[in-house]
Structures are given as C-alpha cells and as structure tokens.
Amino acid sequence: MTSNLRCDDVSVADLFSGHQLYEIPAFQRDFSWTEDEAQRLFDDCVAAMDVAQQSDEPLPLFLGDMVFVASDEPGSSVRSALVVDGQQRLITLTILIAALRDQSAPANRAPLHSQIAVLTQVEPFEFDVFHVRPRACDARFLERAVQRPGATRLPRGKADMKPVNQAQRRMETVRELFVKRIKRMSPHRRATFAEFLLNGCRVLRIWAPDIDYAYRLFLSINKPGLPLSDEDMVLAEVVGPLAVDQRQRYETVIAQMSRYREPHIQGRRQDKTFFTHLAIAQRWTRSDRMIQLLRRVVAKQGGPAKFASEIFEPMAEAYLITRGEWRREALSDTAWDLIDRLRILERFCDSEWVAPAMLAISRLRNDDARLCHFLSQLDRFAHVLVLTRTTADDRRNSYRPIIDAIWRCESASQINPEELFSLDIQREATAVRRAALKIREAANGADKAILIRLDAEMSGRPLSQYLELIDNKFIDHGMLTLEHIVPNGGTLSKASGWRPEFAQVNYRKAIANTIGNLILLERSRNKAAGQADFGEKKRRYFSGRTPHDLALTEALRECDVWSRAQLESRYATMMNLAIKTWSLRGEIPALPAPPGSVAVLASPAAKPAAKGPIAGRRNRVPRSHLFPAGRRNKSRATTKN
C-alpha cells in the first residue's frame with residue numbers, strides 16, 4: 001500500500017467547481033450538525049468578513065481539512081471522490097450556498113447555483129448531478145429540500161420533502177436557520193457575504209491514495225476529538241475488508257446501520273434492516289443491542305475478513321435480491337416474479353418472510369427450479385400467516401422452526417419446501433374464512449396486500465408494475481386506503497339510497513366488511529365518497545374517463561347499482577380467485593344473511609391449483625365475471641328515495 005498523500009489549499013468556490021462530485025459513502029456517520037454548529041460556522045464567516053472589510057491585507061478564514069479518495073474512473077466526465085472526512089461541512093456549506101442563491105437577486109442565482117450543481121446543459125438551471133451527493137437514504141431529500149433551484153424557499157414539511165430520519169431533520173433545521181439569518185441582511189450585505197464565503201473561506205483538501213489509508217487517517221484525526229461510536233467501529237470492521245466495488249454494491253445495506261442510531265419515536269413502526277433479518281436467519285441470540293451483537297459475531301467468526309466473505313457478502317446479496325435491488329440477470333424471470341409477490345407483503349404488512357428467503361437464496365441461487373419451488377411455497381405460507389397470525393412476533397415464531405430445519409440440511413438438495421411450509425387443513429380453512437368475511441381482522445395492512453395481489457391476478461399485469469405504482473404514485477394524499485362500497489359505519493340518513501336493503505345496522509356492518517364489498521382507493525377520493533349513495537360514490541371514485549390504475553376498482557365503473565346481488569357475484573369471484581392463487585383448502589363461507597332469511601353458500605370453492613413454482617400463475621379474469629348479467633337493472637334498494 002502506498003502512503004503518498006496530495007494536498008491542495010482551495011477556496012470554497014474552487015472546492016465546489018467544475019465537474020467535481022463528492023460522494024458520501026454508506027459507512028460514514030449520519031449528518032449530525034445541529035443549529036449550534038451551523039450557527040457557529042455562520043457567525044465565524046460573518047465575523048471574518050467584517051474584519052476583512054476593515055483590513056488592507058485581509059486574511060482568509062480557514063475551515064479545516066477534508067480527506068478524500070479520488071475516483072477509480074479517470075476517464076469519466078464527472079470527477080468523483082469519496083468523502084472520508086468533511087461530510088458535515090460539505091453538506092452545511094451546500095445548504096448555506098443554496099439559501100444564499102434562493103434569497104439573491106435573479107441575476108446572481110446562476111453563479112451561486114453553479115457552486116451546487118454540475119451544470120451540463122445549455123439552460124442555466126438544467127443539471128445532471130450535484131457537487132455533493134449524500135448517502136442514498138438522504139440524497140433525494142437534500143436534492144428536493146436544498147439543492148434544486150428555489151428549494152429553500154419552499155415551506156417546511158412539504159409533502160415531497162418531509163424528513164424521515166434524524167439526519168434529514170437536522171438538514172431541515174440548518175436550512176431554516178440559514179434562511180432566517182440571510183433574510184435579515186440587506187441585499188448589498190448578502191452579496192458581500194456570498195462573495196466572501198466563496199473566495200475568502202478556504203479548505204485544505206487532502207487526497208489519499210486508497211480507501212484503507214484514508215479511513216485510517218480519518219480514525220487518527222478523530223481519535224483526539226469526538227470519540228467514534230460503536231456503530232463507527234463496527235462499520236470499520238465490517239466494511240474495512242470489502243473492496244471499493246463491493247462497498248458500492250452493498251451501499252444500501254451498509255447505510256442501514258444508521259437505523260440503530262435513530263431515537264425510537266413512540267407510536268411509529270421502525271422497519272427492520274438487513275442486520276435484523278441477518279440475525280434471525282443466522283439464529284444469533286439477541287441478548288443485547290445489535291451493535292454489540294455484531295461485534296461479538298465478527299470476533300467469533302474469526303475476524304472481519306472471514307465474516308465479510310462468508311456471511312456478510314452472500315447474505316447482503318440475498319437481502320438485496322429480496323428488495324428487488326440486484327441485477328436482473330442473476331435470477332430467472334419466474335424467480336423475480338415470485339419475489340415480487342412477497343415484496344407486496346413487505347410493502348404493506350409483513351417482512352418476517354425475508355429471513356428464511358435470504359437463507360434459501362444464499363443456498364439455492366444456482367438451482368433455479370428448487371429456488372422457485374421454495375419461493376412459491378413461501379408465498380403461500382406467508383399469506384396464510386398474515387391472515388391467521390396478526391402479530392409480527394407470532395409470525396416470526398412460526399418461521400423459526402423453518403429456519404432451524406434449513407440449517408439442519410447438509411446440502412441444498414435436502415431442502416424440501418413441501419415439508420417446510422406444510423399447513424394443516426384447519427389453518428387453511430381459517431385463512432379462507434378470514435379473507436372472506438373478516439379480512440380487516442388480519443395483520444395490519446394485510447387487506448391491502450391481498451387486494452393488490454388479487455388485482456394483479458385478475459388483470460394479468462406483472463406485480464413489478466404494482467410495486468412501481470405503490471412507490472411512486474400511491475403516496476401522500478394518493479395513498480391507498482380501504483373503501484367500503486356499502487358504508488360500514490354510522491347511522492344512515494333517512495334519505496339514504498342504501499335504505500331499505502342495508503338499513504339494519506348489524507347486517508350492514510357485517511356485509512360491508514366482506515371482501516366483495518372492499519376496493520382500494522386513493523385516500524383523497526375515499527374521504528370524498530363518505531356514505532354517499534352508490535351513484536355519487538362512483539362519480540367521486542373516478543376522474544372522468546381515465547381508467548383507474550387498479551382493475552378491481554375500475555370494474556365498478558361498469559356497474560350502475562350496488563345491491564346484494566352484485567356484491568355476491570364479486571364476492572364469489574374474488575374468493576375463488578384467492579383459493580386458486582394460494583392453493584387453499586376450505587369452502588367459501590356464506591355471506592351474512594339478510595334479516596329474516598337463511599344464509600346460502602355463496603359459491604363452491606375452486607379446487608386448489610397444483611403446488612409448486614407455477615402455482616398461482618395469473619390468468620386474466622374478465623370483469624364481466626365480477627357482476628351478474630343483470631347488473632344494470634336498477635332496484636329500489638340502491639336508488640335515492
């Protein structure tokens with residue numbers, strides 16, 4: 001390893017110039033500066049500016065040293081560098097320059113913006129990349145809340161830039177501090193301050209030859225100052241043996257270590273990370289915090305290098321596959337489709353399946369047929385669990401014997417999914433009944449996951465399209481909620497069109513919560529629909545003639561009335577589809593009987609489809625099958641009095 005170092009003394013303007021890009025690697029600490037540190041930096045700059053204005057030979061303000069590792073891609077048009085030391089100042093300076101840009105006169109904004117963005121387009125505010133790129137978990141927030149032109153003038157907490165972790169909340173606080181201080185300045189003083197910040201403040205930029213040398217230098221710099229936390233030391237031990245290209249591949253996984261630094265907010269669910277799933281899959285005993293546990297395991301495994309090669313790398317790859325963040329050519333299309341089925345569960349209600357999936361992927365990845373069979377049986381088992389085991393602890397305990405059984409297998413050929421995921425007929429019958437009549441009593445969010453899956457089965461569209469909709473369209477006010485077509489709550493008004501058929505409260509509530517009466521609808525539309533009559537609900541469900549993204553929701557457009565007959569038809573179709581999709585044994589229960597009548601079985605259950613990788617393959621169901629042929633004959637039960 002060479003020990004050659006390069007240093008250059010640069011102004012802030014030179015630091016953020018040209019095509020230079022500074023990347024914050026995943027193993028770095030969170031952005032941790034608060035108002036105190038940001039206020040101190042701002043005051044130091046202002047004081048130095050005032051002194052410089054009164055001096056014949058003004059001295060620059062030295063902002064300290066920063067340690068970087070140059071990019072391995074010298075031919076790239078953008079010169080990339082890894083930030084080993086200096087993250088706090090780089091991000092804080094970016095926020096300060098952005099606040100100055102957005103509060104400056106229009107003619108002065110483009111030069112200031114060039115200190116934030118690498119301008120590669122003809123138009124002044126069209127850009128491809130920014131000079132500072134934080135860790136992946138914070139990059140989108142910094143771009144939307146700070147780096148984009150005009151971003152610091154946007155109101156705090158705007159929907160598309162709400163902070164989701166402590167680092168982002170600190171960035172937002174620093175942004176608000178700088179905006180307030182800059183607004184108090186006169187336009188002339190503001191311009192003078194911007195000039196001094198860029199040209200009167202300087203940084204010693206240190207270039208290390210490689211990441212290992214740079215990180216050791218970083219440790220020595222930090223030793224006499226702020227002590228490194230357990231998290232930093234574990235990251236050094238886990239990440240240290242990895243090559244640069246490995247670090248880049250597993251950046252998502254490494255960045256999740258920061259979750260363990262976040263203070264737990266009461267009432268808010270803290271998602272599991274790779275390390276949590278790894279502990280379950282490896283059967284580590286959780287008697288202490290994850291950080292201490294990892295340190296013990298690394299030592300027990302024989303050191304960082306062995307831990308990284310034998311456990312971290314294969315399991316991190318398996319984890320990224322379960323998230324859909326790995327190379328598509330690594331698995332067959334069938335395997336990816338099966339993983340997407342499980343990812344729908346993870347989006348809404350359950351991630352306990354991830355640990356056994358990671359274990360199986362790491363062992364069966366080179367045997368596509370066995371892996372697909374395992375994932376198919378896991379998909380069936382996982383959906384039955386969310387219907388019959390409402391708490392995460394119960395589901396996790398159901399997976400532990402499966403994980404133990406996989407560990408007992410000496411070879412991949414001994415892993416038998418049929419035995420691992422066997423279900424007794426009583427459990428399957430309970431799942432069928434819960435899905436049919438009381439899906440709201442399943443695991444929190446399971447109702448949405450199951451309806452999304454049935455929608456995909458009916459439409460024939462790949463689940464990857466649904467995942468894209470969930471992540472990019474069905475957010476904030478467009479977030480999917482469960483809508484009861486027949487109203488579920490409250491007393492109906494005397495003029496309600498749902499009278500007289502659904503006037504009896506207990507009957508209406510029972511029928512309202514059956515799967516045939518439920519659709520997924522954006523939160524804003526659901527709220528607008530309320531307890532309106534069916535005709536009015538339809539007008540609020542749909543925006544003009546544009547088809548709804550969900551097939552089960554769009555099918556309602558063809559229905560002019562909504563009575564028990566329409567509900568029964570949709571109920572039978574959806575339940576037969578559910579039984580076929582997950583190869584479930586059990587009869588479809590009868591719908592709740594109207595007052596004064598006797599319940600009749602809605603429909604004979606479909607025979608379970610063949611088990612294995614092809615089980616549940618989607619065949620498009622015609623929408624006409626959701627409703628009886630006479631659906632357009634209006635009845636008094638659903639017309640206004």
Side-chain angles (χ1 to χ4, degrees), residues 274-286 297 300-302 306-323 326-327 329-343 345-346 350-386 389 394-425 427-428 582-585 608-617:
F274 160 73
F275 298 99
T276 307
H277 293 303
L278 178 65
I280 296 171
Q282 295 290 322
R283 303 186 298 177
W284 295 338
T285 302
R286 289 290 303 275
V297 170
K300 186 177 180 180
Q301 190 66 24
K306 194 172 182 182
F307 175 83
S309 63
E310 295 183 2
I311 294 180
F312 178 83
E313 187 169 5
M315 293 300 281
E317 183 175 320
Y319 173 73
L320 291 174
I321 287 174
T322 68
R323 291 173 59 90
W326 199 249
R327 301 184 307 272
E329 63 270 19
L331 299 178
S332 66
D333 289 342
T334 302
W336 280 119
D337 181 66
L338 289 163
I339 288 169
D340 286 344
R341 299 179 187 184
L342 290 159
R343 288 176 62 204
L345 272 184
E346 189 269 338
D350 180 62
S351 61
E352 302 304 330
W353 59 268
V354 173
M358 287 168 56
L359 202 54
I361 291 169
S362 67
R363 297 189 176 199
L364 300 175
R365 185 177 157 184
N366 295 324
D367 190 336
D368 184 71
R370 288 184 182 275
L371 177 59
C372 288
H373 187 41
F374 182 96
L375 293 173
S376 177
Q377 293 300 308
L378 174 58
D379 170 62
R380 177 174 180 267
F381 187 83
H383 280 83
V384 169
L385 280 193
V386 298
R389 293 286 185 267
D394 284 346
R395 295 193 296 276
R396 190 179 309 119
N397 290 333
S398 296
Y399 283 115
R400 291 191 190 281
I402 294 171
I403 292 172
D404 290 341
I406 294 174
W407 275 103
R408 288 195 296 270
C409 296
E410 297 180 358
S411 65
S413 61
Q414 293 180 348
I415 298 176
N416 186 344
E418 297 284 353
E419 293 181 1
L420 291 175
F421 300 113
S422 62
L423 292 165
D424 60 69
I425 191 168
R427 175 72 65 85
E428 294 184 45
W582 290 292
S583 305
L584 298 175
R585 296 170 292 177
K611 297 180 181 179
I614 63 171
R617 182 173 293 171

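For reference, positions follow the sequence shown, starting with 1.
Taken from CG in L342 to NE2 in H383, the straight-line distance is 7.0 Å, to the nearest 0.5 Å. Rounding to the nearest 0.5 Å gives a distance of 12.0 Å between CD1 of I415 and CD1 of I402. If you take CG on L359 and NE2 on H277, they are separated by 13.5 Å, rounding to the nearest 0.5 Å. Interatomic distance, D337 CG to D333 CG, rounded to the nearest 0.5 Å: 8.5 Å. One finds the CD atom of E428 at 8.5 Å from the OG atom of S583 (value rounded to the nearest 0.5 Å).
Within the 4.5 Å cutoff, the side chain of R283 has no heavy atoms near those of the R400 side chain. Between L338 and L371 there is no side-chain heavy-atom pair separated by less than 4.5 Å. Contact of the I361 side chain with the W326 side chain is not registered, since no non-hydrogen atoms from C-beta on lie closer than 4.5 Å. A heavy-atom distance below 4.5 Å is found between the side chains of L385 and R427. Contact annotation: the side chain of F307 approaches that of V297 to within less than 4.5 Å [non-hydrogen atoms, C-beta and beyond].
Under the rule for a side chain to side chain contact (heavy atoms under 4.5 Å, CB included), the partners of S332 that lie at least two apart in sequence or sit in another chain are T334, A335, D368, C372.
Between the side chain of R370 and the main chain of L364, no donor-acceptor pair closer than 3.5 Å is present. Side chain of W407 to backbone of Q282: no donor-acceptor contact under 3.5 angstrom is found.
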Steps toward side-chain contact (heavy atoms from CB on, under 4.5 Å) verdict (S398, E352) = CA-CA 9 Å; S398 296; E352 302 304 330; over 6 Å; no
Does the pair E346 and T322 meet the rule for a side-chain contact (heavy atoms from CB on, under 4.5 Å), with working shown?
-> CA-CA 10 Å; E346 189 269 338; T322 68; over 6 Å; no
Take L584 and L423 through the test side-chain contact (heavy atoms from CB on, under 4.5 Å) and record every step on the way to the result.
-> CA-CA 10 Å; L584 298 175; L423 292 165; 5.7 Å; no
Between I339 and L331, does a side-chain contact (heavy atoms from CB on, under 4.5 Å) hold up when you go through it step by step?
-> CA-CA 10 Å; I339 288 169; L331 299 178; 3.7 Å; yes
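In this model, no donor atom of one side chain and acceptor atom of the other lie less than 3.5 Å apart for R395 and Y399.
The local environment of CD in Q414 is crowded, with over 12 non-hydrogen atoms from other residues, nucleotides or ligands closer than 6.0 Å. For CG of D424, the number of neighbouring non-hydrogen atoms (other residues, nucleotides, ligands) closer than 6.0 Å is greater than 12.
Contact record, C409 with R363: O-NH1, 3.5 Å, taken as the closest heavy-atom pair. Smallest separation of non-hydrogen atoms from S362 and A318: N-CB, 4.2 Å. Taking all atoms of both residues into account, the shortest heavy-atom contact from L345 to W353 is CB-NE1, 4.2 Å. Of all non-hydrogen atoms in E313 and S309, the two that sit nearest each other are CB-O, 4.5 Å. When every heavy atom of I280 is checked against every heavy atom of R396, the shortest pair comes out as CD1-CD, 3.9 Å. Nearest heavy-atom pair, A405 versus L420, reported as atom, atom and distance to 0.1 Å: CB-CD2, 3.4 Å.
Centroid-to-centroid, the aromatic rings of F274 and F312 come within less than 6.0 Å.
Salt-bridge formation is not detected for the pair R408/D404: no Lys NZ or Arg NE/NH1/NH2 atom is positioned less than 4.0 Å from an Asp or Glu carboxylate oxygen.
A tilted orientation is assigned to the rings of F421 and F381, their planes being inclined by 30° to 60°.
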